[in-house]
Amino acid sequence: MSKLRVAVLGAKGRIGSEAVRAVEAADDLELVAALGRGDGLEALTEAGAQVVVELTTPDSVMDNLDFCVRHGIHAVVGTTGWTEDRLARLRGWLDAAPATGVLIAPNFSIGAVLTMKFAQLAAPYFESVEVVELHHPKKVDAPSGTATRTAQLIAAARAKAGTAPAPDATTTALDGARGADVDGVPVHAVRLRGLLAHQEVLLGAEGETLTVRHDSLHHSSFMPGILLGVRRVVTTPGLTFGLEHFLDLD
Ligand SMILES: NC(=O)C1=CN([C@@H]2O[C@H](COP(=O)(O)OP(=O)(O)OC[C@H]3O[C@@H](n4cnc5c(N)ncnc54)[C@H](OP(=O)(O)O)[C@@H]3O)[C@@H](O)[C@H]2O)C=CC1
Ligand SMILES: O=C(O)C1=N[C@H](C(=O)O)C[C@H](O)C1
């Protein structure tokens with residue numbers, strides 16, 4: 001069987017360099033291009049890439065995906081910065097390329113995906129819920145894509161269950177003291193030397209608390225999810241948001 005032809009964008013970055021090694025090590029995949037900032041995207045078509053792994057920056061990802069979708073190249077995207085407006089633009093491009101698949105995964109690690117699932121499950125049963133994400137100090141965006149998605153899923157689960165807003169008597173606060181408000185869920189971002197990617201979902205009810213915590217200790221934690229995404233996206237046209245859709249979690 002012929003190998004799937006894979007390219008990595010952001011190949012010199014922290015996660016991109018790990019992804020290059022993971023693709024090279026996979027028997028069923030062939031790394032046909034490894035591009036950094038400034039490299040021309042024509043290299044993707046010249047190399048016959050079938051799938052691009054997009055691990056760049058929020059300011060680069062849209063142009064890269066525009067090129068990929070226009071050329072019928074499937075994409076597995078880990079880059080953050082997704083807004084409703086950006087998703088709508090991407091859906092528009094995909095409407096014009098109905099055979100092409102794009103997976104956007106706020107987090108490729110199985111533990112992080114499960115954290116989101118557990119948080120969603122628990123959220124309606126507790127009066128209070130807040131998210132704390134902790135990352136390395138070179139991270140450019142806050143809050144993290146994972147924390148934003150987690151908070152959105154929590155908010156949707158509480159809205160569906162008719163859960164009351166969390167109690168909070170704060171009437172005066174320094175800017176940022178109560179975190180960012182993501183759909184009504186406070187999200188706090190910590191940047192600390194020594195950390196990689198970590199998240200806690202704190203839930204509280206009368207007389208009890210529940211903490212769901214996940215730690216990515218090395219970029220290798222993201223590789224099984226990236227490889228799964230590459231193998232599945234080629235047979236999944238359209239936009240898939242979240243790696244959970246490629247896992248049998250239910
Ligand atoms: N979904 C997930 O599981 C994970 C997602 N991420 C996300 O992935 C992204 C990258 O993270 P990280 O590796 O830590 O960041 P880095 O800054 O280490 O890597 C990004 C790389 O992309 C390069 N780059 C920027 N623009 C382009 C472009 N147009 N074409 C090709 N390469 C480009 C950068 O080059 P230069 O340095 O010259 O700007 C840099 O080498 C972030 O959005 C991060 O949040 C990270 C880990 C896991
Ligand atoms: O920048 C990172 O490092 C990470 N980014 C993603 C995010 O913003 O959620 C995934 C993971 O947290 C690592």
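Every number for a ligand or one of its atoms is a count from 1 in the order of the listing.
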[Y] and [X], any side-chain heavy atoms less than 4.5 Å apart:
| X | Y | value |
| --- | --- | --- |
| Val23 | Ile226 | no |
| Arg213 | His198 | yes |
| Thr236 | Phe246 | yes |
| His188 | Glu130 | yes |
| Val76 | Val6 | no |
| Val230 | Val53 | yes |
| Val190 | Val132 | yes |

Test of proximity, [X] against ligand 2: N or O pairs below 3.5 Å:
| X | value |
| --- | --- |
| His219 | no |
| His135 | yes |
| Gly145 | yes |

Who's closest to [atom] heavy-atom-wise, of [options]?
| atom | options | result |
| --- | --- | --- |
| atom 3 (O) of ligand 2 | His198, Lys139, His214, His136 | His136 |
| atom 1 (N) of ligand 1 | Ser17, Gly229, Ala105, Ser216 | Ala105 |
| atom 46 (C) of ligand 1 | Ile15, Thr146, Val8 | Ile15 |
| atom 10 (C) of ligand 1 | Leu41, Thr79, Thr56 | Thr56 |
| atom 10 (C) of ligand 2 | Ser144, Ala197, Pro106 | Pro106 |

[atom] - nearest protein heavy atom and its distance:
| atom | value |
| --- | --- |
| atom 43 (O) of ligand 1 | Thr80 OG1, 2.8 Å |
| atom 39 (O) of ligand 1 | Arg37 NE, 2.9 Å |
| atom 3 (O) of ligand 1 | Phe108 N, 2.8 Å |

Legend entry - Proximity of Arg14 to ligand 2 by residue part, where a heavy atom lies under 4.0 Å: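 No part of Arg14 is near ligand 2 at this cut-off.
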
Legend entry - Within reach of ligand 2, part of Asn107 (heavy-atom separation under 4.0 Å):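 For Asn107, the contact with ligand 2 is made by the side chain alone.
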
Legend entry - Glu84, CD: over 12 other non-hydrogen atoms inside 6.0 angstrom: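 At most 12 heavy atoms, drawn from other residues, nucleotides or ligands, come within 6.0 Å of this atom.
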
Inset, instruction - Report, as yes or no, whether the 6.0 Å neighbourhood of atom NZ on Lys3 holds more than 12 heavy atoms from other residues, nucleotides or ligands. - result: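 Yes, NZ of Lys3 has more than 12 neighbouring heavy atoms, counting only those of other groups under 6.0 Å.
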
Numbered atoms and elements of ligand 1 in range of [X], under 4.0 angstrom, heavy atoms:
| X | value |
| --- | --- |
| Gly36 | 30 (N), 31 (C), 32 (N) |
| Gly78 | 1 (N), 5 (C), 6 (N), 7 (C), 8 (O) |
| Ser60 | 25 (C), 26 (N), 27 (C), 28 (C), 29 (N) |
| Pro106 | 1 (N), 2 (C) |

Do [X] and ligand 1 have an N or O pair less than 3.5 Å apart?
| X | result |
| --- | --- |
| Arg14 | yes |
| Gly16 | no |
| Leu9 | no |
| Gly38 | no |
| Ser109 | no |

Inset, instruction - Decide side-chain contact (heavy atoms from CB on, under 4.5 Å) for Leu196 and Leu217; before the verdict, give the C-alpha distance in whole Å, the side-chain angles of both, and the deciding distance to 0.1 Å. - result: CA-CA 6 Å; Leu196 177 53; Leu217 305 172; 5.9 Å; no

Side-chain ion pair, [X] and [Y], N-O less than 4.0 Å:
| X | Y | result |
| --- | --- | --- |
| Asp66 | Arg70 | yes |
| Glu133 | Arg191 | yes |
| Glu18 | Arg21 | yes |

Legend entry - Is_contact(atom 37 (O) of ligand 1), protein non-hydrogen, under 4.0 Å: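 Under the 4.0 Å cut-off, atom 37 (O) of ligand 1 has no protein heavy-atom neighbours at all.
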
Inset, instruction - Taking atom 27 (C) of ligand 1 as the reference point, report whether a protein heavy atom occurs under 4.0 Å from it. - result: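 At least one protein heavy atom is under 4.0 Å away.
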
Side chain, backbone, both or neither: the part of [X] lying under 4.0 Å from ligand 1 by heavy atom:
| X | answer |
| --- | --- |
| Asn64 | side chain |
| Lys139 | side chain |
| Ala197 | neither |
| Phe222 | side chain |

Legend entry - Within-shell test, Arg149 vs ligand 2, heavy atom, strictly < 4.0 Å: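 Under 4.0 Å: no for Arg149.
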
Less than 3.5 Å apart, any donor N or O on the side chain of [X] or [Y] sitting next to an acceptor on the other?
| X | Y | answer |
| --- | --- | --- |
| Ser221 | Ser216 | yes |
| Thr83 | Asp85 | no |
| Thr79 | Glu54 | yes |

Inset, instruction - With heavy atoms of Thr146 as the reference, note each atom of ligand 2 found under 4.0 Å away. - result: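 Near Thr146, meaning under 4.0 Å from one of its heavy atoms, ligand 2 has 7 (C), 9 (O), 10 (C), 12 (O).
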
Inset, instruction - Measure from the side-chain N and O atoms of Arg5 to the backbone N and O of Gly48, and report whether any donor-acceptor pair falls under 3.5 Å. - result: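 A pair under 3.5 Å: yes.
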
